[in-house]
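To start, the structure under review is shown below, and the notes come after it.
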2 protein chains.
Amino acid sequence: MSKSTSRNTTIQDIAKELNVTAATVSRALNNHPRISEATRQAVAEVADRLNYTRNRVASSLRSGKTNVIGVIIPSAKINFFGSVVHGIETMANEKGYNVLIYQSNEDTEFEKKGIQAFLSARVDGILASIAKDTRDISHYLEARDKGVPIVFFDRTHDDTSIPYVVVDDFKGGYLATEHLINQGYKRIAHVSGQQHLKIFAERLRGYKAALKAHKLPFEKELVFAGNVSIESGKEAVKHFLGLPEPPDAIFAVEDFTALGVIKELKENKIKIPEQFGVVGFANEEFDEHITPALTSVDQQTVMMGKEAFNLIMDMINKKVVRNVDNKKVILEPLLQPRASSQR
Amino acid sequence: MSKSTSRNTTIQDIAKELNVTAATVSRALNNHPRISEATRQAVAEVADRLNYTRNRVASSLRSGKTNVIGVIIPSAKINFFGSVVHGIETMANEKGYNVLIYQSNEDTEFEKKGIQAFLSARVDGILASIAKDTRDISHYLEARDKGVPIVFFDRTHDDTSIPYVVVDDFKGGYLATEHLINQGYKRIAHVSGQQHLKIFAERLRGYKAALKAHKLPFEKELVFAGNVSIESGKEAVKHFLGLPEPPDAIFAVEDFTALGVIKELKENKIKIPEQFGVVGFANEEFDEHITPALTSVDQQTVMMGKEAFNLIMDMINKKVVRNVDNKKVILEPLLQPRASSQR
DNA sequence: GTGAAAGCGCTAACAA
DNA sequence: TTGTTAGCGCTTTCAC
């Protein structure tokens with residue numbers, strides 16, 4: 001491979017060509033209000049001819065602004081986060097920001113390293129979805145205390161001083177359950193997720209509320225404590241079918257659990273949706289490809305990314321880092337009715 | 001939200017505390033070979049106490065190296081690319097690099113903007129998967145001529161001056177077809193993708209080669225020209241079943257096409273894998289969740305990201321931008337046998 | 001509307 | 001082993 005050559009053109013080079021100073025060139029390039037149209041055009045012409053590319057490193061150093069946003073996600077391999085990043089990056093492009101990515105691998109230590117890397121890079125703001133087992137968020141708070149605004153998305157924290165964007169899990173659970181009720185199912189069960197995670201607890205709460213609103217009794221034995229896996233969906237069905245009065249529908253806390261539910265019901269030759277209704281949560285890609293297609297609750301991932309970006313932009317522009325006016329965005333979950341629950 | 005405060009600690013601050021110069025502090029922090037262990041430790045201690053974070057913007061400006069890699073992908077929402085980014089980012093973390101993301105949205109104009117943004121940011125290298133309809137890659141070549149090394153992955157280009165990482169599509173097609181032959185299927189058909197895209201043409205070539213190697217005749221009517229969609233899989237089956245001598249197995253150019261094939265076969269009450277074998281390509285997440293689970297060819301996406309990163313690191317370290325020694329990485333495709341083809 | 005001068009924070013060449 | 005000096009390329013007062 002051959003050596004690289006050439007030195008980049010600077011505003012000095014342009015200045016010399018036009019017999020003006022670098023300051024003037026800088027102003028012209030940045031559309032400073034008090035610059036003559038003539039010089040602006042002359043500068044643009046020469047810049048173009050010399051193939052000038054602004055050195056953002058230098059301008060960042062001088063101005064104290066990098067126009068870079070750092071994003072911490074558990075993993076880029078997870079669909080959900082790829083989708084959110086898509087939303088973030090789309091907005092960033094529009095606003096002239098660059099996006100740095102860092103993966104925590106669900107590990108608090110990596111999270112710390114990521115924040116450190118972002119602080120070194122002097123990012124203008126940080127968007128983060130915290131690792132599953134991160135309880136102590138002091139590393140985030142330290143970054144904030146150094147003046148870097150932070151916004152959480154999806155995986156948030158009780159600390160209210162940090163703005164966040166989430167989907168309304170309570171409402172999602174409510175909608176899913178109500179949908180089953182409206183479809184005429186009479187005994188609706190729930191396969192839950194780990195209750196120490198707020199999102200799962202909220203979905204259960206939504207389930208209960210929907211039952212109550214429709215004057216259906218809440219029965220403890222119709223809630224199976226799962227762990228967000230295909231396996232727990234299967235086990236739940238085994239458990240439910242053993243009950244003296246089994247349910248005729250299940251709202252599963254997320255789609256993989258729902259998948260397990262469907263697999264086990266089919267194993268038992270139970271017809272979906274005729275004899276049994278199933279609803280999941282997350283609107284995973286496979287939902288529409290399995291048989292029967294799975295009704296689910298969409299979490300508006302792309303919108304989540306866009307809203308998170310808007311929040312951080314707001315903080316950057318207002319030069320604030322603490323969420324004193326208690327900003328947050330709660331997105332509406334969207335029910336996606338498919339074959340598994342419609343009869 | 002409250003105002004931010006404080007100014008960041010600099011090496012000057014540390015220098016003052018210790019009555020040394022900034023240069024010494026810099027050397028100590030960078031583990032310069034000729035620095036005394038005593039000062040190194042003293043510096044480390046004070047840096048820690050003053051909560052120092054190195055300003056990479058400043059060091060980048062001075063050293064001409066940013067330790068940032070730019071990555072251009074069509075969309076972060078697409079699984080495949082999320083997975084590759086995972087590989088890239090994992091390696092980058094390890095090597096102390098940061099990763100900038102830019103989405104082209106399959107649009108050459110966005111691609112140009114992304115490259116421009118990366119040039120401005122003075123990234124040390126660019127990894128890119130080119131947009132589908134990008135034929136002219138002069139924008140990439142210009143960046144390279146400005147001294148920025150470039151590596152393509154997956155979506156490559158005939159221009160041999162740019163190193164690339166791809167999976168061996170020919171071999172993938174060969175393996176998929178051979179697998180069906182080994183499972184005892186006698187008449188194996190193929191649903192192809194757009195032949196102007198090299199990856200799809202290669203898979204067809206692999207299909208033909210496997211037939212030949214096993215002394216099976218290649219029959220034109222057993223290749224259906226699809227367009228990479230569920231629909232084209234369905235249409236292909238309709239076509240094939242209308243033949244005087246229909247096939248008993250299909251190698252589909254990718255998984256969504258295979259999904260359509262399966263759907264249509266089930267529609268026709270044809271038993272998979274007993275009466276009919278199906279193999280796809282890409283190893284999509286849904287493969288193992290549909291019924292029957294779909295045999296597919298894995299493209300080693302994470303490895304692709306890692307290898308791409310290694311290639312660019314190599315170029316950066318050797319300070320070369322042209323691929324004169326014709327570097328490339330061809331990854332081995334991995335057959336993932338599942339229910340749809342095993343009898 | 002433009003120029004002059006200073007400096008963001010760091011590193012690297014040259015001295016000592 | 002450490003200090004001195006200079007400067008990366010840009011923006012931003014303060015002049016005029």
Side-chain angles (χ1 to χ4, degrees), chain A residues 6-44 46-47 50-68 96 117 119-124 146-147, chain B residues 6-44 46-47 50-68 96 119-124 146-147 319:
Chain A
S6 78
R7 175 188 131 275
N8 278 303
T9 313
T10 71
I11 55 172
Q12 306 285 352
D13 300 330
I14 300 174
K16 263 178 215 161
E17 284 258 330
L18 293 170
N19 274 321
V20 292
T21 61
T24 303
V25 175
S26 173
R27 282 189 272 251
L29 292 170
N30 292 308
N31 293 315
H32 187 95
R34 276 197 295 237
I35 196 88
S36 78
E37 190 52 33
T39 45
R40 195 204 314 281
Q41 290 197 1
V43 166
V46 176
L50 297 187
N51 210 356
Y52 171 76
T53 316
R54 170 225 279 305
N55 186 334
R56 275 218 193 203
V57 179
S59 75
S60 294
L61 178 61
R62 179 62 238 248
S63 69
K65 228 184 145 299
T66 54
N67 273 44
V68 171
L119 287 177
S120 269
R122 297 293 193 265
V123 298
D124 291 343
K146 282 200 163 194
Chain B
S6 76
R7 178 188 128 275
N8 277 303
T9 313
T10 71
I11 55 173
Q12 304 286 352
D13 301 330
I14 300 174
K16 261 178 216 161
E17 284 259 330
L18 293 169
N19 274 321
V20 293
T21 61
T24 303
V25 175
S26 173
R27 283 188 273 252
L29 291 171
N30 293 307
N31 293 315
H32 187 95
R34 277 197 294 237
I35 195 89
S36 78
E37 189 53 32
T39 45
R40 195 204 314 282
Q41 290 198 0
V43 166
V46 177
L50 297 186
N51 209 356
Y52 172 76
T53 316
R54 161 219 233 94
N55 186 334
R56 275 219 192 201
V57 179
S59 78
S60 294
L61 178 61
R62 178 64 237 246
S63 68
K65 229 183 145 300
T66 54
N67 273 44
V68 172
L119 287 177
S120 267
R122 297 294 193 264
V123 298
D124 291 343
K146 280 199 164 195
K319 294 195 169 57

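For clarity, every value in this text was computed on a predicted model and none was experimentally measured. Below, chains carry the letters A, B, ... as their sequence lines are ordered, and counting in each starts from 1.
- Backbone-only contact: T39(B) has heavy atoms under 4.0 Å from sugar-phosphate atoms and none from a base.
- Interatomic distance, S63(B) OG to R56(B) CZ, rounded to the nearest 0.5 Å: 9.5 Å.
- For the pair I14(B) CD1 and dT11(C) P, the computed distance is 11 Å after rounding to whole Å.
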Could you run down nucleotides 6-16 of chain D 5' to 3' and tag each one B, S or - for protein heavy-atom contact under 4.0 Å? BBBBBBBB---
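- Over its length, the helix from dG1(C)-dC16(D) to dA16(C)-dT1(D) turns its helix axis by 30°, as judged from the five terminal pairs at each end, rounded to 10°.
- When the shell of 6.0 Å around NZ of K16(A) is examined, it contains 12 or fewer heavy atoms from other residues, nucleotides or ligands.
- Between the CG atom in L119(B) and the CG atom in N8(A) there is a gap of 8.0 Å [rounded to 0.5 Å].
- Contact check for R122(B) versus L61(B): no side-chain heavy atoms found under the 4.5 Å cut-off.
- dC10(C) atom P lies 15 Å from atom CG of N67(B), rounded to whole Å.
- Judged by distance alone, the side chain of S26(A) and the main-chain N or O of A22(A) form no donor-acceptor pair under 3.5 Å.
- Between G96(A) and N67(A), the shortest heavy-atom distance links the atoms O-ND2, 3.3 Å.
- Atoms CD1 and CG, from I11(B) and L18(B) in turn, are 12.0 Å apart once rounded to the nearest 0.5 Å.
- Within the nucleic acid shown, D13(A) has no heavy atom closer than 4.0 Å to any nucleic acid atom.
- Under the side-chain hydrogen bond (donor to acceptor under 3.5 Å, both in side chains) rule, R54(A) has a single partner from N30(A), T9(A), T10(A), which is N30(A).
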